[in-house]
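Below is one structure, written out as structure tokens, with a few remarks after it.
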Amino acid sequence: MELTATTTIRKPVPEVYAFWRDLENLPTFMAHLEEVRTTGDRTSHWVANAPFGKDIEWDAEIVGETPGEKIAWRSTGDADVPNAGTVRFVPAPDGVSTEVHIVLVYDIPGGTIGKAVAKYFGEEPHQQLDDDLRRLKQIMETGEVVRSDGAPWGKQSRKEFPQRPAQPLSESELTKGADR
Amino acid sequence: MRANTWAGRNKVEVRDVPDPTILNKRDAIVRITSTAICGSDLHLVDGYVPTMQDGDVMGHEFMGEVVEVGPGVDPGRLRVGDRVVVPFPIACGACGACAAELYSCCENTNPNAGIAEKMFGHPVAGIFGYSHLTGGFAGGQAQYARVPFADVGPLKIESDVADEQVLFLSDILPTGYMGAEMCDIQPSDVVAVWGAGPVGQFAMDSARVLGAAKVIAIDKEPYRLEMAERAGHTPVNFEEVDVRSRLLELTGGRGPDKCIDAVGLEATHGSAHIAAYDQIKQAVRLETDRPHVLRQAIMSCRSGGVVSVIGVYGGLVDKFPVGAWMNRSLTLRTGQCHVQRYMKPLLRRIESGELDPTRIITHTLPLEEAERGFEIFKNKQDNCEKVVLKP
Ligand SMILES: NC(=O)c1ccc[n+]([C@@H]2O[C@H](COP(=O)([O-])OP(=O)(O)OC[C@H]3O[C@@H](n4cnc5c(N)ncnc54)[C@H](O)[C@@H]3O)[C@@H](O)[C@H]2O)c1
Ligand SMILES: [Zn+2]
Ligand SMILES: [Zn+2]
């Protein structure tokens, strides 16, 4: 499965590039990631979020990078869900913003893992990646992912509608956090 | 705390809900001193805006005192104890739309941007108390509200003017003003305003302030037309006369130079069979909005004129007079108000006495009586023009 998405961020290319190049930042806006740990100059270890498939972890390496332009990576070894990605950064015509173009490729296996991943992407697989990029934009432009009473849990607010009502959260809801 | 909530179609209910807390670093919590009921709230209650949920806290016109700020709020801009009017669109101040002062189209403040994008092609900003399509933010018909990006939008009130003088800077005064501003008013212009509700009244006053030669008020409620007349505008009752003929009469056959739609998707029609046609289509969802005013404004406007739409539309309309619009060089302009753009300049116009927003307030009720407030405002009872609620 190949997914593409794009957004424009009102920050200069070097800043957006640097944020992405520090792969440990990816889980702050990509809903399917729990953690990315840098293990070497070009290597990293990725841990998926529960809805994407519990206990899915894989190693990845950067296979191409052109500072200020492009980063490409792919999973290595026998990953449960082999995947690869490329992100390009292009100065926008306004002279201040950066266009981010991303392509993700997943090799979805059969069995329970494949089912979980397919369920995660749902009927509109592009929606997830679009929302990931929306959160990236929020973080780069405003510092964090925006929360509302109806969708209070940032990137874990996956259910679009119906949501919890647009009224303040009770103490127990706040302590419990996102239910997933 | 107590808050007025949506409880299904045609039903609001003041209930106990949890107090708001800081969810984002740049949030503030505001203790609300005054809040109001808007024509836009009627669209929610009447069921014309999708994605409302039982329990949603309503209200997007409010002001009060800052009682808590998140750690990311710039202390140079906002502190605990400040008295603020809160604009209804939530804007981040940092995205491309905000940089272009298109605050109601902010690209970052709607956590449900994905749904909005499906409806509108591109997402729109978060709005307080105005459905999940615009983010699912609890509103301001309550004792307290959480205000995101509190150091961007809210306007500090530093003098001791009464709440009633500045409350409407949150929405309807800027909205009426933007309606008039989009008309690019010239000294010779006759401006016709459909709707003598609160938004229409402020559009009329703004057209006058911006130098229009004559302002015409169109509605069917005699008391609302009288209110417009007392403010110096020329009334036209659409139930008593044919609007287009009357407008031609009032303009020597030219038609109004500029037309403002301050009614929106729930317009009623003087002619029963046309009203029924759109009501039925709307009921079975073949069209979602009733565009009587939009059609009439386009057909009445002089060639080369501007039709400025501030009445709210939500979805699709039928029989849009595209031929009149195209062949007669009309300009159509519109938008949810970019309130943040207008708050400071309009505060100055209030302070200088050029605009008196208090003239439309007919009812002040305790928050507990919100349900009655909605009833009299919606049904035009007791000569109701605008209801202010006191939490
Ligand atoms: N663009 C924005 O940012 C913005 C902000 C606030 C409100 N609004 C919208 O402005 C509109 C008016 O708000 P309001 O608070 O004044 O509401 P309101 O319901 O009090 O007023 C609407 C008026 O229009 C009249 N009307 C109905 N059909 C008509 C027709 N065919 N011709 C002339 N008049 C007609 C009604 O009698 C009523 O007096 C609503 O659609 C509201 O949602 C838009
Ligand atoms: Zn309003
Ligand atoms: Zn913005």
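Residue numbering restarts at 1 for every chain, and letters A, B, ... go by the order of the sequence lines. Values in this document were obtained by computation on a predicted structure and should not be read as measured data.
Screening A/Lys137, A/Met140, A/Gln138 against B/Cys95 for a side chain to side chain contact (heavy atoms under 4.5 Å, CB included) leaves a single residue, A/Lys137.
Judged as a side-chain hydrogen bond (donor to acceptor under 3.5 Å, both in side chains), the pairs with a partner in residues 74-89 of chain A (not counting sequence neighbours) are, in order, A/Glu61-A/Arg74. Sorted by first and then second residue, the side-chain hydrogen bond (donor to acceptor under 3.5 Å, both in side chains) pairs with a member in residues 64-84 of chain B read B/Arg31-B/Glu65, B/Arg83-B/Asp163; sequence neighbours excluded.
Counting heavy-atom pairs closer than 4.5 Å to chain A, the top-ranked of the candidates B/Pro148, B/Ala142, B/Gly55 is B/Gly55. The candidate from B/Asn24, B/Asp19, B/Asp56 with the greatest count of non-hydrogen atom pairs under 4.5 Å with chain A is B/Asn24.
Considering CD of A/Gln127 and NZ of B/Lys118, their distance stands at 4.0 Å, rounded to 0.5 Å. From A/Ser148, atom OG reaches atom CG of B/Asn110 across 8.0 Å, with rounding to the nearest 0.5 Å.
Applying the 6.0 Å contact sphere to NZ of B/Lys25 captures no more than 12 heavy atoms from other residues, nucleotides or ligands. Within 6.0 Å of atom NZ in B/Lys390, more than 12 heavy atoms from other residues, nucleotides or ligands are found, so the atom counts as buried in its surroundings.
Residues of residues 87-94 of chain B placed with any heavy atom under 4.5 Å of a heavy atom in chain A are listed by number as B/Cys92, B/Ala94. Contacts with chain A (heavy atom to heavy atom, under 4.5 Å) involve these residues of residues 98-108 of chain B, listed by number: B/Ala99, B/Glu107, B/Asn108.
Only the side chain of B/Met1 comes within less than 4.5 Å of a heavy atom of chain A; its backbone N, CA, C and O stay farther away. Looking at A/Ile9, there are no atoms closer than 4.5 Å to chain B (heavy atoms on both sides), in backbone or side chain. Contact of A/Glu124 with chain B is made through the side chain alone, with heavy-atom distances under 4.5 Å. With a threshold of 4.5 angstrom between heavy atoms, A/Ser97 does not approach chain B through any atom at all. Contacts of A/Val145 with chain B are made by backbone atoms alone, with heavy-atom separations under 4.5 Å and no side-chain atom involved. If you measure heavy-atom distances from B/Tyr144 to chain A, you find no contacts under 4.5 Å at all.
Taking every heavy atom of both residues into account, B/Gln53 and A/Gln163 meet most closely at NE2-O, 2.6 Å. Among all heavy-atom pairs drawn from B/Pro18 and A/Gln167, the shortest one is CD-OE1, 3.6 Å. The minimum heavy-atom distance between A/Arg134 and B/Gly114, with the atom names listed, is NH2-CA, 3.5 Å.
Counting heavy atoms from C-beta on, the side chains of A/Pro165 and B/Asp54 never come closer than 4.5 Å. Residues B/Arg146 and A/Pro168 form no side-chain contact, since every pair of their non-hydrogen atoms from C-beta on lies 4.5 Å or further apart. Looking only at side-chain heavy atoms (C-beta outward), A/Asp149 and B/Pro20 stay at 4.5 Å or farther from each other.
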